[in-house]
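Remarks on the structure that follows.
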Number of protein chains: 2
Amino acid sequence: MNTLAEENYLKSIYHLSLNDSNVSTNQIAAALNTKAASVTDMLKKLADKELINYEKYQGVTLTSSGEKIALHIIRKHRLWEYFLVEKLHFKWDEVHDMAEEMEHISSVELIDRLDKFMDYPKHDPHGDPIPDRDGNFKKHELQPITALRVNETGIISGVRDHSTAFLQYLEKQQLTIGKKIKVTEIIEYDHSMILEVEQTKIHISREAAKNLLIVI
Amino acid sequence: MNTLAEENYLKSIYHLSLNDSNVSTNQIAAALNTKAASVTDMLKKLADKELINYEKYQGVTLTSSGEKIALHIIRKHRLWEYFLVEKLHFKWDEVHDMAEEMEHISSVELIDRLDKFMDYPKHDPHGDPIPDRDGNFKKHELQPITALRVNETGIISGVRDHSTAFLQYLEKQQLTIGKKIKVTEIIEYDHSMILEVEQTKIHISREAAKNLLIVI
DNA sequence: TAATAAATTTAGACTTGTCTAAAAAATTAT
DNA sequence: ATAATTTTTTAGACAAGTCTAAATTTATTA
């Protein structure tokens, strides 16, 4: 099996790949809170194991076996997050760090049984899709609410910023997964938005709006 | 916090302490499947952290803070074992290795909520007591069935050998936790025993009998 | 109680994953 | 298109945890 460090590198590379096809050394260093030199060392090891495609100075991509491992770790992370929220009643902003540890538990049988125990959830508490045991998932077609115009509606279905601060802010504003929102006004000056959620008006900045995702 | 290796040493020392008050370097090496020289190195580190009392060549004991950590790890191990058996329906001989990984998940809040989720179980699937969050537990007064004489009865409540092989053997013989047994005969020649469990007669060796624990 | 055996520790080395400082390559801006 | 800047890699070092081989201490036994 792979070491904990290797797993964390693969997971980070996967997440970064969603925005840029080639992931740079510095991006990985920033994501993992480490130094570029350390990243270079690890990239060589991962390339030796054929988990990434790596050419000096050119950034990296995951190989299919690297991606498979990354998706399995993400599956575990999201299933444990679901467990923590749905069964142990943690709040959505409390579960990330615990799941960071739990995602490294190795048993495949365990995670399949956990999946069954919770009746095969499709999304984690933040709206992110949970890959199945083969790594497949429907990538959801979400849009930031900034895509909406006045009087248009949507259902809150995900976030782009997973920070505790943002999640707590949303919780406090009642802006949680599944809620139906309607844009009642867009302030021209700063592009902030006034939303209607369950008969209440909520004013959010453009900054926040960009990180709140909906299905239309 | 402590490293994974440190936690495993503390746990092993705790278990070995139950049989011998001073635990030797070689005992620890055997338990952890490592070399005596490695153990000596680690013992120095643990002594520096005041988790064990260590004097060269004299073996070790846990300090109270070392014991507290050991009991917390054991609490986590046994609660996760209970979870795996009761909620995910694993068999009692399948859960040890998974729990070995899960016992190192650090969140105290998580384990307290898990405890509550399962309604505060007192014993793990092998009959071992689960310490509460303060490390307290009733040490059960179990005896091997070799303590019984003919026609005496008891309730199976624990095992001394936790190996997969022994657990599977017991399972196959219906000798599981909670079953009431009666000794119907003791063979003088080899001290093997014939038990009656739910109207069935079962013949077990003295070797096995010594590892099967009951309350009278 | 001296010799032998067993247990334990020390010394020196190796691996993994990290770091800093310096060198090399790639990018950007003049 | 060359200089300046940024990014990446290399070189060398360190901590944690482990190992083998040798030295030392303790225990056993004759």
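These numbers come from a predicted model, not from an experiment. Order of the sequence lines sets the chain letters (A, B, ...), proteins ahead of strands, with each chain counted from 1.
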- Task: Verify the contact: side-chain N or O of K44(A) to OP1 or OP2 of dT10(D), cut-off strictly under 4.0 Å; return yes or no.
- Result: yes
Without placing hydrogens or testing angles, list every side-chain donor-acceptor pair under 3.5 Å for residues 36-46 of chain A, not counting sequence neighbours.
unit_1	atom_1	unit_2	atom_2	d
T40(A)	OG1	A36(A)	O	3.2

- Basic-acidic side-chain contact under 4.0 Å: K172(B), D93(B): no
- Would you kindly give the CG-to-P distance between L4(B) and dT16(C), to the nearest whole Å? 17 Å
- Query: Does any pair with a residue in residues 57-73 of chain B pass salt bridge (charged side-chain N to carboxylate O under 4.0 Å, His left out), and if so which ones, sequence neighbours excluded?
  - Reply: none
- Query: Whole-Å distance between dA15(D) C1' and M42(B) CE?
  - Reply: 12 Å
- Do you know which two heavy atoms are closest between L175(A) and W92(A), and how far apart they sit? O-CH2, 4.0 Å
- Under the salt bridge (charged side-chain N to carboxylate O under 4.0 Å, His left out) rule, collect the residues that match up with R78(B), sequence neighbours excluded. D124(B)
- Message: If the cut-off is 4.0 Å, is T34(A) near the phosphate of dC19(C), judged by side-chain N/O to OP1 or OP2?
- Response: yes
- Does S38(B) make a side-chain N or O approach to OP1 or OP2 of dT18(D) shorter than 4.0 Å? no
Please output the side-chain donor-acceptor pairs of residues 50-58 of chain A that fall under 3.5 Å, not counting sequence neighbours, one pair per line with the distance.
unit_1	atom_1	unit_2	atom_2	d
N53(A)	OD1	T61(A)	OG1	3.0

- Sequence neighbours excluded, which residues qualify as ring-ring contact (aromatic ring centres under 6.0 Å, His included) partners of Y9(A)? none
Nucleotide N/O of nucleotides 21-28 of chain C paired with protein N/O under 3.5 Å:
unit_1	atom_1	unit_2	atom_2	d
dA25(C)	O4'	Y57(A)	OH	3.4

- Query: Rounded to whole angstrom units, what separation is found between the CG atom of D20(B) and the P atom of dA7(C)?
  - Reply: 14 Å
- Message: Checking H162(B) now: which residues fulfil ring-ring contact (aromatic ring centres under 6.0 Å, His included) with it, not counting sequence neighbours?
- Response: H126(B)
- d(CG, L43(A); P, dT18(C)) in whole Å: 11 Å
- Round to the nearest Å and state the distance from K35(A) atom NZ to dT9(D) atom P. 17 Å
- Item | SB check D128(B) K122(B) (cutoff 4.0 Å) | no
- Task: Strictly below 4.0 Å, heavy-atom distances to any atom of DNA chain D: list the hits from residues 22-29 of chain A, or just say none.
- Result: S24(A), T25(A), N26(A)
Under 3.5 Å, which N/O atoms of the protein pair with N/O atoms of nucleotides 12-14 of chain D?
none

- Query: Taking the six-membered ring of F83(A), is NZ or CZ of K87(B) closer than 6.0 Å to its centre and within 45° of its axis?
  - Reply: no
- Task: Could you check how far CG of L32(B) sits from C1' of dC19(D), rounded to whole Å?
- Result: 15 Å
- What residue pairs, at least two apart or across chains, pass side-chain hydrogen bond (donor to acceptor under 3.5 Å, both in side chains) with a residue in residues 203-216 of chain B? S192(B)-H203(B)
- Salt bridge E109(B)-R113(B), side-chain N to carboxylate O under 4.0 Å: yes
- Message: Using OP1 and OP2 only, check whether a side-chain N or O of K45(B) sits under 4.0 Å from dA16(D).
- Response: no
- Item | Residues in contact with DNA chain D, drawn from residues 6-15 of chain A - heavy-atom cutoff 4.0 Å | none
- Message: Can you confirm whether I145(A) sits close enough to M193(A) that some side-chain heavy atom of one is under 4.5 Å from a side-chain heavy atom of the other?
- Response: yes
- Message: Can you measure K49(A) atom NZ to dG17(C) atom C1' for me and round it to whole angstrom units?
- Response: 13 Å
- Can you name the ring-ring contact (aromatic ring centres under 6.0 Å, His included) partners of H104(A), sequence neighbours left out? none
